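Below is one structure; the comments refer to it alone.
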Amino acid sequence: MRLVARPIDAIVIFRGGEKPLPYKFRYTDDSGENREITVGKIILIEQVSIAGARSLVYDCQSLIDDIERRYQLKYMMTECKWILYKI
């Protein structure tokens, strides 16, 4: 996976007091094309704190261009912002 750190628009599921679960997201790729990805499987959710900024990092897997690919989404809790972190 390579680091991309791009802001994304995300549709998220909230269930009671649990962590938010990403369902679908949209981002602009290197060629300027808008891509929409449905999250196939969440493999791991990890809470990290870097320089006091708390985040949730989601290791995910989805079918992208007919290939199963792994990627990471990051939710910046203090900024309420979603990022496509690695793909």
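What you see is a predicted model; the values in this text were computed from it and never measured.
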Exercise for the section: Decide side-chain hydrogen bond (donor to acceptor under 3.5 Å, both in side chains) for T38 and Y23; before the verdict, give the C-alpha distance in whole Å, the side-chain angles of both, and the deciding distance to 0.1 Å. Expected result: CA-CA 6 Å; T38 301; Y23 172 72; 5.7 Å; no

Practice task
Step by step, work out the salt bridge (charged side-chain N to carboxylate O under 4.0 Å, His left out) result for D9 and K81.
Solution key: CA-CA 9 Å; D9 297 324; K81 184 166 88 173; over 6 Å; no

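Using a 4.5 Å heavy-atom threshold, the side chains of L73 and I8 count as touching. Contact check for I42 versus P22: side-chain heavy atoms found under the 4.5 Å cut-off. In this structure, the side chains of M77 and L56 come closer than 4.5 Å at one or more pairs of heavy atoms. Inter-residue side-chain proximity for I64 and Y71 is flagged as met; some heavy-atom pair is nearer than 4.5 Å. Considering only heavy atoms from C-beta on, K86 stays 4.5 Å or farther from V4 through its side chain. V39 is not listed as a side-chain neighbour of L21, based on a closest heavy-atom distance of 4.5 Å or more. Contact annotation: the side chain of R70 approaches that of D59 to within less than 4.5 Å [non-hydrogen atoms, C-beta and beyond]. Using a 4.5 Å cut-off on side-chain heavy atoms (C-beta onward), I43 and Q61 make contact.
For Y58 and F25, the distance between ring centers is not under 6.0 angstrom.
Side-chain atoms of D29 come within 3.5 Å of backbone atoms of S31 as a donor-acceptor pair (strictly under, hydrogens ignored). A donor-acceptor distance shorter than 3.5 angstrom exists from the side chain of S62 to the backbone of G40, with no hydrogens or angles considered.
There is no path of hydrophobic side-chain contacts, each under 4.5 Å, that joins Y85 to Y75.
Going from atom CD1 of I87 over to atom CZ of R2 covers 7.5 Å, rounded to the nearest 0.5 Å. Atoms SG and NZ, from C60 and K41 in turn, are 11.0 Å apart once rounded to the nearest 0.5 Å. Here OG1 of T78 is found 8.5 Å from CZ of R54. Values are rounded to the nearest 0.5 Å.
Within 6.0 Å of CZ in R35 there are more than 12 heavy atoms belonging to other residues, nucleotides or ligands. In this structure, R26 places its CZ atom where only 12 or fewer heavy-atom neighbours from other residues, nucleotides or ligands lie under 6.0 Å away.
Of all non-hydrogen atoms in I83 and M76, the two that sit nearest each other are CD1-CG, 3.9 Å. For P7 against Y27, the heavy-atom pair with the smallest separation is O-CB, 4.5 Å.
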